[in-house]
Amino acid sequence: MSGSTVAVQSGIATQPWFRRGLGLVLCIVIAGLAEIAGGYAPLVGAPLFAIAIGVLIANAWPALSQQKSLGISDTSKLCLKVGIVLLGASLNLGDIARTGLGSLPLLAVTMTAGLACALLLGKSLGIDWRMRCLIGIGTTICGGSAIAALAPVIRAKAEEIAYSITVVFFFNMVAVFTFPALGHLLGLSDNGFGVWAGTAVNDTSAVVAAGFAFSQAAGTTATIVKLTRTTLIIPLVLGFGLALAFLDKEENAGDRSGAQSLGKRVYAAVPVFIILFVVAAAANTAGLIGSHAMQVQMLGRVVMVVALAAVGLQGHWRAFVGAGSRPLVLGLVTWFVVAASSLAVQGWSHAL
């Protein structure tokens with residue numbers, strides 16, 4: 001090989017676009033492995049496998065994950081946002097409005113109870129406010145998707161995203177196994193169990209699995225309630241964006257201008273990708289996506305797995321060890337509060 005050829009190849013290898021491309025390819029490969037593993041263990045799922053594989057690589061070859069030129073951080077942020085927009089393109093707001101609006105009062109109660117628990121109990125446990133927000137919204141809305149939507153708004157670190165998703169997905173798996181048996185033990189009707197699963201189980205696939213394990217009717221109801229719950233990502237993320245200055249007091253301590261702080265909060269509360277999420281959902285509702293909605297949903301899922309692979313590549317054992325077991329305890333208690341409040345409201349409404 002001539003010296004000029006070596007020089008050209010060496011020059012290409014040092015180009016930013018080439019190195020970022022390598023980082024993206026690495027994330028895609030990890031996502032592919034995660035999809036294969038998820039096929040053998042669907043209850044665990046590709047998202048959790050993607051994080052786990054990424055973390056293993058990051059800790060086995062720390063020099064690789066610390067290469068900022070690979071653009072792993074940028075890949076995770078971009079793919080998380082694109083995944084959320086594609087999720088919106090799979091939602092039909094008309095179907096949700098016709099069949100899911102009746103569950104909104106119940107969802108309001110469970111979400112308020114869950115978020116209050118996550119923020120207040122998490123503070124008493126000494127958990128960082130970003131982790132509290134991520135675990136709270138992940139438990140009350142829809143697991144990884146809600147965490148992915150909120151993370152860029154509150155500028156969460158990769159380790160916080162990875163740990164929060166792991167905590168939420170752990171109880172998600174527990175719910176798939178325990179909810180159907182508990183539903184029969186409690187004597188819930190098909191509709192009652194469907195509403196309970198739709199409000200208290202996080203990931204859509206887990207909601208479907210738990211619902212249809214109980215009965216066909218329960219599975220249908222659970223899916224509708226879950227889709228209604230997913231649309232609430234929008235107001236909650238906007239709310240967290242507006243409350244950012246109050247949540248992160250240290251970061252905003254130097255800002256003495258009330259008007260400036262309000263302007264910053266409003267700007268942060270309306271990120272472009274959330275607007276695109278609404279536009280995509282509206283386009284699907286209007287029939288512009290049509291028969292391609294399922295393919296768009298699958299693409300969004302794949303993009304999200306690539307994003308979580310990038311998140312895992314930024315995770316290091318010391319961050320997980322430093323977090324300790326407190327976030328796990330917070331996730332457990334928050335999940336219990338959401339599930340219990342859902343049952344309590346249903347019981348109260350039937351007693352009237």
Side-chain angles (χ1 to χ4, degrees), residues 34 37-52 55 106-107 110-111 113-115 117-118 121-122 125 127 131-132 134-148 160-188 192-215 218-219 221-223 225-226 229-230 301 304-305 308 312 320 323-346:
Y40 286 101
L43 290 180
V44 178
L48 204 55
F49 276 120
I51 291 176
V55 168
L106 174 60
L107 287 171
T110 58
M111 286 166 45
L115 286 173
C117 174
L121 177 62
L125 291 173
I127 298 172
M131 184 83 79
R132 302 200 308 263
L134 293 175
I135 291 176
I137 199 170
T139 303
T140 57
I141 297 294
C142 55
S145 297
I147 290 173
E160 293 168 334
I161 299 172
Y163 203 122
S164 301
I165 290 178
T166 302
V167 167
V168 171
F169 269 77
F170 173 76
F171 294 112
N172 207 43
M173 288 186 290
V174 174
V176 173
F177 290 106
T178 59
F179 266 49
L182 287 173
H184 287 296
L185 184 65
L186 294 170
L188 296 178
F193 181 83
V195 171
W196 188 41
T199 53
V201 183
N202 303 316
D203 186 67
T204 302
S205 60
V207 170
V208 171
F212 283 100
F214 190 86
S215 72
T221 300
T223 302
V225 173
K226 177 63 179 66
R229 189 173 155 205
T230 300
R301 181 180 175 280
M304 192 69 75
V305 174
L308 295 179
F320 290 99
S325 60
R326 291 171 299 167
L328 192 64
V329 172
L330 179 62
L332 172 62
V333 176
T334 303
W335 178 52
F336 177 81
V337 167
V338 170
S341 61
S342 176
L343 287 175
V345 171
Q346 287 192 68

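Everything quoted here is computed from the prediction, not taken from an experiment.
- Listed by chain and residue number, Asp190 satisfy the side chain to side chain donor-acceptor pair (under 3.5 Å) test with Ser215 (two or more places apart in sequence, or in another chain).
- The heavy-atom pair separating Val305 from Ala46 by the smallest distance is CG2-CB, 4.0 Å.
- Summarising the geometry of Ala148 relative to Met304, their closest heavy-atom pair is CB-SD, 3.9 Å, with the distance given to 0.1 Å.
- Partner Ile165 forms a side-chain contact (heavy atoms from CB on, under 4.5 Å) with one of Val168, Val167, Ile161 and no other, that one being Ile161.
- Between the CG atom in Leu308 and the CD1 atom in Ile51 there is a gap of 4.5 Å [rounded to 0.5 Å].
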| task | List the steps and the verdict of side chain to side chain contact (heavy atoms under 4.5 Å, CB included) for Leu182 and Trp196. | result | CA-CA 11 Å; Leu182 287 173; Trp196 188 41; 4.0 Å; yes
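- The distance from atom CG of Leu107 to atom CD1 of Ile141, rounded to the nearest 0.5 Å, is 7.5 Å.
- When the side chain to side chain donor-acceptor pair (under 3.5 Å) test is applied to Thr221, no partner is found at least two apart in sequence or on another chain.
- When all heavy atoms are compared, the tightest approach of Gly198 to Val207 is CA-CG1, 4.2 Å.
- Partners of Ser342 under the side chain to side chain donor-acceptor pair (under 3.5 Å) rule, at least two apart in sequence or in another chain, are Thr199.
- Residues Ala118 and Gly136 approach most closely at CB-CA, 3.5 Å, considering heavy atoms.
- Contacts of Phe49 classified as ring-ring contact (aromatic ring centres under 6.0 Å, His included), with partners at least two apart in sequence or in another chain: none.
- Other residues, nucleotides and ligands contribute at most 12 non-hydrogen atoms within 6.0 Å of the CZ atom of Phe336.
- Closest approach of Phe193 and Gly183 over heavy atoms only: CD1-CA, 3.8 Å.
- The distance from atom CD1 of Ile147 to atom CD1 of Ile137, rounded to the nearest 0.5 Å, is 8.5 Å.
- Looking only at distances, a side-chain donor or acceptor of Arg132 sits under 3.5 Å from a matching main-chain atom of Ile127.
- Not counting sequence neighbours, the partners of Val333 by the side chain to side chain contact (heavy atoms under 4.5 Å, CB included) test are Cys117, Leu121, Val329, Val337.
- Rounded to the nearest 0.5 Å, atoms CG (Leu115) and OG1 (Thr110) are 9.0 Å apart.
- Applying the side-chain hydrogen bond (donor to acceptor under 3.5 Å, both in side chains) rule to pairs touching residues 327-341 yields nothing, sequence neighbours excluded.
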| request: Go through the steps for Arg229 and Asn202 under the test side chain to side chain contact (heavy atoms under 4.5 Å, CB included), then give the verdict. | output: CA-CA 10 Å; Arg229 189 173 155 205; Asn202 303 316; 3.4 Å; yes
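- Nearest approach of Ala222 to Gly211, heavy atoms of both residues: CB-CA, 4.4 Å.
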